[in-house]
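One structure is given below, encoded as structure tokens.
Order of listing sets the numbers, starting from 1, for every ligand and every atom in it.
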Amino acid sequence: MSKQFDVIVIGGGPGGYIAAIRAAQLGKNVACVDEWKNSQGGPALGGTCTNIGCIPSKALLQSSEHFDHASHHFADHGIAVKGLSMDSAKMVARKDAVVKQNNDGILYLFKKNKVSFFHGRASFEKAVDGGYEIKVAGAAEETLVGQHVIVATGSTARALPGAPFDETQILSNDGALAMTAVPKKLGLIGSGVIGLEMGSVWRRLGSEVTILEGLPTFLGAVDEQIAKEAHKAFVKQGLKIELGVTVGEVKVGKKGVSVAWTNAKGEAQKLDVDKLIVSIGRVPNTVGLNPQAVGLQLDERGAIVVDGDCRTSLPGVWAVGDVVRGPMLAHKAEEEGVAVAERIAGQHGHVNFNTIPWVIYTSPEIAWVGRTEQQLKADGVAYKAGTFPFLANGRARALGDTTGMVKMLADASTDEILGVHIVGPMASELIAECVVAMEFRASSEDIARICHAHPTLSESTKEAALAVAKRTLNF
Ligand code: NAI
């Protein structure tokens with residue numbers, strides 16, 4: 001006997017679990033199916049973000065930052081540390097505990113919102129009268145029928161051709177977050193978001209880190225001026241970043257991994273490392289979903305085809321997050337999940353794709369919203385730019401972290417803010433003000449006229465806005 005639901009959500013990551021909660025809030029009878037298992041075989045809700053992505057990486061970044069501060073910066077404050085050591089197994093155990101708190105938090109939220117949770121893998125069985133039959137296989141063996149189905153199955157790491165992940169020596173984000181000893185030499189392929197975040201963690205803990213990047217430019221999607229500033233800071237910290245490389249054969253031996261590569265000048269090189277992290281992007285995940293059973297359309301990349309409102313090729317079937325077009329970001333998935341739940345309930349869900357913030361959690365952090373200077377040039381938009389360095393900010397000086405700047409771009413005639421780009425301390429938090437400003441279509445003058453508390457890093461945003469009108473007060 002099948003169980004009937006108004007909405008079945010497949011996948012319990014940020015896109016899926018948030019969609020399930022919002023649909024339940026709106027009075028729908030909701031099921032969520034997720035197969036992720038913790039080390040005891042129990043459910044581990046939260047998907048890649050919670051289990052092997054955003055949350056564990058931030059836990060490790062925090063630990064490695066503490067270690068870095070104790071090693072290099074405490075002395076400036078008059079604090080002497082004797083016998084400093086790092087227990088990386090304990091650091092990883094702490095990270096696992098943080099992950100578990102988040103997993104359990106979602107289970108609690110499901111109970112609170114009366115979302116029925118099924119631990120197993122969901123696949124499409126067939127279309128039935130008034131909906132779709134979904135088979136659940138795993139700890140829970142069930143047949144469910146849903147009037148609406150929201151697919152939120154996420155993405156998986158893309159492997160380098162000829163070098164499959166073994167998670168012992170060739171690591172995806174999964175293995176990169178589970179190393180319990182600091183590798184002496186660490187190689188990374190790809191200097192994108194994961195490469196830089198993971199490279200930062202393990203460099204701070206003492207690894208010699210080399211990143212091989214295929215593109216000739218560093219962080220091509222980031223505003224050029226900001227990317228240059230970040231590159232300077234990373235190189236100064238000791239990250240070796242090779243741009244414009246072609247990666248050749250990868251050999252796994254008893255002692256480590258050997259990567260043959262060619263540099264930008266076409267010269268053959270070799271990199272010998274203890275571990276190799278491959279972070280060259282992610283691919284949409286529809287493994288085991290059985291989309292062909294109902295004729296659900298995928299594109300050539302394997303992503304589920306959706307329109308601007310996350311409607312798939314089938315009536316009543318929706319898809320959100322990494323498994324569809326657009327940036328692979330947890331918060332983008334969440335917004336889509338909420339909007340879809342609201343559309344199912346007859347409301348007008350909305351996602352503004354122009355104001356989705358990006359954050360790279362390195363030190364210094366990089367965050368931005370809106371268009372870069374190079375995009376504005378390419379689009380032929382006349383703009384004004386204002387920058388303010390953290391070097392001139394009192395709070396940044398007191399923190400002892402004056403790297404970077406805030407850069408604001410505004411329309412030359414209307415003064416509407418078109419983009420804000422930050423590299424520096426707490427950029428991830430500072431960007432929120434800029435997202436709000438852009439969402440409300442603020443001008444740079446609006447930010448310049450708003451009272452910002454002193455002494456805060458956020459004064460740098462106000463000063464960057466003042467710089468657009470060439471009237472900074474503190475620089
Ligand atoms: P990415 O797309 O950010 O970067 C991949 C990099 O690898 C690019 O620079 C690309 O040019 C390079 N590359 C590709 N093929 C290569 C090859 N054969 N040889 C050398 N270089 C090569 O992908 P990444 O870092 O794997 O992250 C995957 C996704 O996860 C991203 O879409 C990102 O948005 C998301 N993510 C977001 C985070 C955040 O918001 N803080 C944190 C971690 C991941």
query = Which heavy atom of Cys310 sits nearest a heavy atom of Arg343, and at what distance?
reply =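 Heavy-atom minimum between the residues: N-NH1, 4.4 Å.
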
message = I need the minimum non-hydrogen distance between Val99 and Asn51, along with the two atoms involved.
response =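 Closest pair (atom of Val99, atom of Asn51, distance): CG1-OD1, 3.7 Å.
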
key: Residue among Asp274, Ile277, Val273 satisfying side chain to side chain contact (heavy atoms under 4.5 Å, CB included) with Leu186   =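 With Leu186 as partner, Asp274, Ile277, Val273 yield a single side chain to side chain contact (heavy atoms under 4.5 Å, CB included), made by Ile277.
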
query = Is it true that Arg203 and Glu208 have a side-chain N and a carboxylate O under 4.0 angstrom from each other?
reply =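 So Arg203 does not pair with Glu208 through a salt bridge.
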
Could you list each N/O atom of ligand 1 together with any protein N/O atom closer than 3.5 Å, one pair per line with the distance?
{"from": "ligand 1", "atom 1": "3 (O)", "to": "Val193", "atom 2": "N", "distance (Å)": "3.2"}
{"from": "ligand 1", "atom 1": "9 (O)", "to": "Glu213", "atom 2": "OE1", "distance (Å)": "2.7"}
{"from": "ligand 1", "atom 1": "9 (O)", "to": "Glu213", "atom 2": "OE2", "distance (Å)": "3.1"}
{"from": "ligand 1", "atom 1": "11 (O)", "to": "Glu213", "atom 2": "OE2", "distance (Å)": "2.6"}
{"from": "ligand 1", "atom 1": "21 (N)", "to": "Gly214", "atom 2": "N", "distance (Å)": "3.0"}
{"from": "ligand 1", "atom 1": "23 (O)", "to": "Gly281", "atom 2": "N", "distance (Å)": "3.4"}
{"from": "ligand 1", "atom 1": "25 (O)", "to": "Val193", "atom 2": "N", "distance (Å)": "3.2"}
{"from": "ligand 1", "atom 1": "25 (O)", "to": "Ile194", "atom 2": "N", "distance (Å)": "2.9"}
{"from": "ligand 1", "atom 1": "26 (O)", "to": "Gly281", "atom 2": "N", "distance (Å)": "2.9"}
{"from": "ligand 1", "atom 1": "34 (O)", "to": "Met328", "atom 2": "O", "distance (Å)": "3.2"}
{"from": "ligand 1", "atom 1": "40 (O)", "to": "Val359", "atom 2": "O", "distance (Å)": "3.4"}
{"from": "ligand 1", "atom 1": "41 (N)", "to": "Glu197", "atom 2": "OE2", "distance (Å)": "3.0"}
{"from": "ligand 1", "atom 1": "41 (N)", "to": "Val359", "atom 2": "O", "distance (Å)": "2.8"}

message = If you apply the rule side chain to side chain donor-acceptor pair (under 3.5 Å), what do you find for Asn285 with Thr156, and how did you get there?
response = CA-CA 6 Å; Asn285 171 40; Thr156 53; 5.2 Å; no

key: Chi angles and distances behind the side chain to side chain donor-acceptor pair (under 3.5 Å) call for Ser460, Asn393   = CA-CA 7 Å; Ser460 302; Asn393 175 275; 3.1 Å; yes

